[in-house]
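A short write-up of the structure that comes next.
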2 protein chains.
Amino acid sequence: MTLDDVAAQAGVSAKTVSRVVNGERSVRPDTRQRVLRAIEQLDYRPNLLARGLSGSHAYTIGLVYDNPNAYYIIAMQQGALTACDALNFGLQMRPCDSTVPGLAEDLRDFVHRSRLSGLVLTTPVSERQATLRKLAAYRIPFVRIVSAAKSPHDGIPCVYVDDRDAAYAITAHLLQLGHVRIGFLRGGKQHHASAERLQGYQDALRHYGVTLRKELMIEGDYVFDDGFRGARRLFELAEPPTAIFGCNDEIAAGALAAAQSTGLHVPYDVSIAGFEDSPFSRHSWPPLTTARQRADVIVERATRMLIARIRGEHVDNESFNPELVVRGSTAPPRPKSRRRKRG
Amino acid sequence: MTLDDVAAQAGVSAKTVSRVVNGERSVRPDTRQRVLRAIEQLDYRPNLLARGLSGSHAYTIGLVYDNPNAYYIIAMQQGALTACDALNFGLQMRPCDSTVPGLAEDLRDFVHRSRLSGLVLTTPVSERQATLRKLAAYRIPFVRIVSAAKSPHDGIPCVYVDDRDAAYAITAHLLQLGHVRIGFLRGGKQHHASAERLQGYQDALRHYGVTLRKELMIEGDYVFDDGFRGARRLFELAEPPTAIFGCNDEIAAGALAAAQSTGLHVPYDVSIAGFEDSPFSRHSWPPLTTARQRADVIVERATRMLIARIRGEHVDNESFNPELVVRGSTAPPRPKSRRRKRG
DNA sequence: TCCAGGTATGACAGCGCTGTCAAGCGTTGC
DNA sequence: GCAACGCTTGACAGCGCTGTCATACCTGGA
């Protein structure tokens, strides 16, 4: 099945079919209808290789990520693939280190060598302003996914995720259970999302009239080991927290391991909450209370936005809200008199 | 940089350069050298789109998998990508359900629609003999990765992994620690690897003169929940095992959670071992003793074999051995008198 | 010396599509 | 009624490579 077959069937030229396939505007509605019917009848799908070879770009987008989490990567890839398949685009995965200097130049070369149509930038790459500015200057179309409570007004299209609100919800959940001393294990300082989650945590405490305590907020990275060490430090405090909020599920898994290694029972001695709804959070014991992030859906939207933009259509920013998922790792605090060490 | 540029630089025709790039034999050694030098000088890389459009296949391979484990998928993808990048091939990921009827036909259509050059088949797809036979009959080039103690002699090229030997090593490790009652949580009946691991477990017991006990071997799937349930059943036996060997890390993680939910201390009350060396095994508490499988390296080899085959070169089967990794989840059994439930 | 038969190389078409440019057509304004 | 304009459509070249086929070259045996 080629353009010519469709053209013959519809009684138009191949070029007109090409116009319809690419969503160009200068086609009369009735002509467009005829072509679309022919495409459907013949089950025509454009040949990516030919389009890419002939056109000014390869009809393929790049998904740029700097994230060690396999589940996240798979989910993002899945979402991007869904959008690309539906819109007849190809996909290239592009891991990178968001902290290296010259990242914008690397990405530019990547785009040019493969003649990519555009990029979807995920966090934390999407938060490096200098890189964004350069990519824009290189005239590379991109859409970014960022953590923000409301739509950024810098004119660069994006999908934004309200981490702050979700972190507020988790903290409020703990407060409503009766916890007052709530530890916060921060991770991924290079991720703006981590600042947003901290902010949500602090907002909730303030809103419930609970004093913020520096010793309960511990810095680290988005990794298991930092969750483990951070939680250990919290447990060693004169007055340890009765609940811990890990900035993502991996940190929370580390905190869970730390509790178990210390002989503390979760959730009776200490409640633990994560963020992400990764399989970690379901495959631990007890399973983790967390915030569900649909990375696949978010990336799919971002990909669709990017392709629309490449086609010269107008696109508006979109927002997503993570959703609280309560599981067995959070419970009311044990009355002080009955709290004890075990093990 | 195009073939013509290289041709001009080397003083030959574009076609000859094409022959060198594709490793064809009918090029005089000195001509080949000249061309290779020109390629290097100009840093020429063939254009995948053009090759695919022009040639009889798309210079792209498909990686076929039926595996829910994200880490595995990422590792395999990474390996395949390394090989494809080095050899100027494209990669398409292809998840599937290995149990559906008509899988061979689906794969054939997938290959034909994208004009793929060949397939790398991973377990358990690679173990479905009928599917393999059909793919061979369709003249689709493929290489498979299977679990086997020695090279299969069916003439279909493969990379084989000795799961049996690795399972033997893990069981022997437990036996040497002094365990006699060792539970085995089997998973993934549709995977031949699972039978091989069971075999390795049984071989080790026999070799150490320990009687096999049916009630200690529990069937399930490669999932957390079955590990959890299976371990629970083992703990409820009149004489529960002092060690549990989970058929993969996810099962072992389930067993670990079951132990913790039952108040058993790992490894003092019960030892637990997994298989795979997934991040699960490092991010649990205690970290799991397991067998390291380099899925990335294995798939990279398989991909290189496939491409060699596509180019008409001769390829031999290759083998890999997983490697025992001892961590904190295994220890000598606690003397009976001192064993106790904790609550 | 010549020719058969193999080996090494090149000329050329064409893969399926898009970019460019030109032409056709209907509409508007004077 | 006619020029001028915008909208819609089509003809055609060519993207970079490989498949096919023809040709040049080389070897050894008669």
Side-chain angles (χ1 to χ4, degrees), chain A residues 1-36 38-39 42-60 87-90 112-117 310-312, chain B residues 1-36 38-39 42-60 87-90 112-117 310-312:
Chain A
M1 278 307 115
T2 72
L3 268 191
D4 281 323
D5 298 321
V6 179
Q9 172 90 3
V12 296
S13 74
K15 181 65 209 183
T16 298
V17 179
S18 167
R19 290 195 174 97
V20 171
V21 169
N22 289 291
E24 291 178 32
R25 269 174 292 274
S26 67
V27 178
R28 274 213 326 264
D30 58 323
T31 311
R32 177 183 306 277
Q33 281 313 314
R34 242 181 322 138
V35 171
L36 287 175
I39 287 176
L42 301 179
D43 189 28
Y44 167 76
R45 306 201 68 192
N47 180 325
L48 252 174
L49 300 172
R51 304 176 93 174
L53 182 59
S54 168
S56 57
H57 58 100
Y59 291 80
T60 292
L87 299 166
N88 283 310
F89 268 66
H112 287 169
R113 252 193 329 106
S114 304
R115 298 183 41 255
L116 295 186
S117 313
I310 290 164
R311 290 179 163 181
Chain B
M1 278 308 114
T2 73
L3 270 191
D4 282 322
D5 298 322
V6 180
Q9 173 88 3
V12 297
S13 75
K15 181 65 208 183
T16 298
V17 178
S18 167
R19 290 197 174 95
V20 171
V21 169
N22 289 291
E24 292 179 30
R25 268 174 294 273
S26 65
V27 178
R28 272 213 328 263
D30 58 322
T31 310
R32 178 185 306 279
Q33 281 313 314
R34 242 180 323 139
V35 171
L36 287 174
I39 288 176
L42 301 178
D43 189 28
Y44 167 76
R45 306 200 69 191
N47 180 324
L48 250 173
L49 300 171
R51 303 177 95 174
L53 182 58
S54 168
S56 57
H57 59 101
Y59 292 79
T60 292
L87 298 168
N88 281 311
F89 268 66
H112 287 169
R113 252 194 327 106
S114 303
R115 297 181 43 254
L116 295 186
S117 313
I310 290 165
R311 290 179 163 181

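Below, read A as the first sequence line, B as the second, and so on, with proteins coming before strands; counting in each chain starts at 1. Note that this is a predicted model, so its numbers are computed, not measured. Because only heavy atoms are used, hydrogens play no part in the values below, and waters and symmetry mates are left out as well, while side chains stay in.
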For residues [X] and [Y], report the shortest heavy-atom separation together with the two atoms involved.
X	Y	value
B/Ala14	B/Leu3	O-CD1, 3.8 Å
A/Ser13	A/Ala7	C-CB, 3.6 Å
B/Ala38	B/Gln9	CB-CG, 3.5 Å
A/Pro46	A/Val21	CG-CG1, 4.0 Å

Table please: side-chain donor-acceptor pairs of residues 47-60 of chain A below 3.5 Å, with sequence neighbours left out.
residue : atom : partner  : partner atom : Å
A/Asn47 : OD1  : A/Leu49  : N            : 2.7
A/Asn47 : OD1  : A/Ala50  : N            : 3.1
A/Arg51 : NH1  : A/Asn88  : O            : 3.1
A/Arg51 : NH2  : A/Asn22  : OD1          : 2.6
A/His57 : ND1  : A/Tyr59  : N            : 3.4
A/His57 : ND1  : A/Ser117 : OG           : 2.7
A/Thr60 : OG1  : A/Ala58  : O            : 3.2

#### Entry: B/Ser114 side chain vs B/Leu116 backbone, donor-acceptor pair below 3.5 Å
no
Sequence neighbours excluded, the answer for side-chain contact (heavy atoms from CB on, under 4.5 Å) partners of A/Arg19 is A/Lys15, A/Thr16, A/Glu24, A/Ser26, A/Val27
Separation between OG1 (A/Thr31) and CG (A/Leu36), nearest 0.5 Å, reads 10.5 Å
Sorted by number, residues from residues 49-60 of chain B placing a heavy atom under 4.0 Å from DNA chain C are B/Leu53, B/Ser54
Residues in residues 8-36 of chain A with a heavy atom under 4.0 Å of DNA chain C, by number, are A/Lys15, A/Ser18, A/Asn22
Tested for side chain to side chain donor-acceptor pair (under 3.5 Å) against A/Asp30, the lone hit among A/Gln33, A/Arg28, A/Arg32 is A/Arg28
The helix from C/dT1-D/dA30 to C/dC30-D/dG1: angle between terminal helix axes, five bp per end, to the nearest 10 degrees, reads 50°
The first and last nucleotides of DNA chain C lying within contact of chain B, meaning any atom under 4.0 Å from one of its heavy atoms, run from C/dA8 to C/dG16
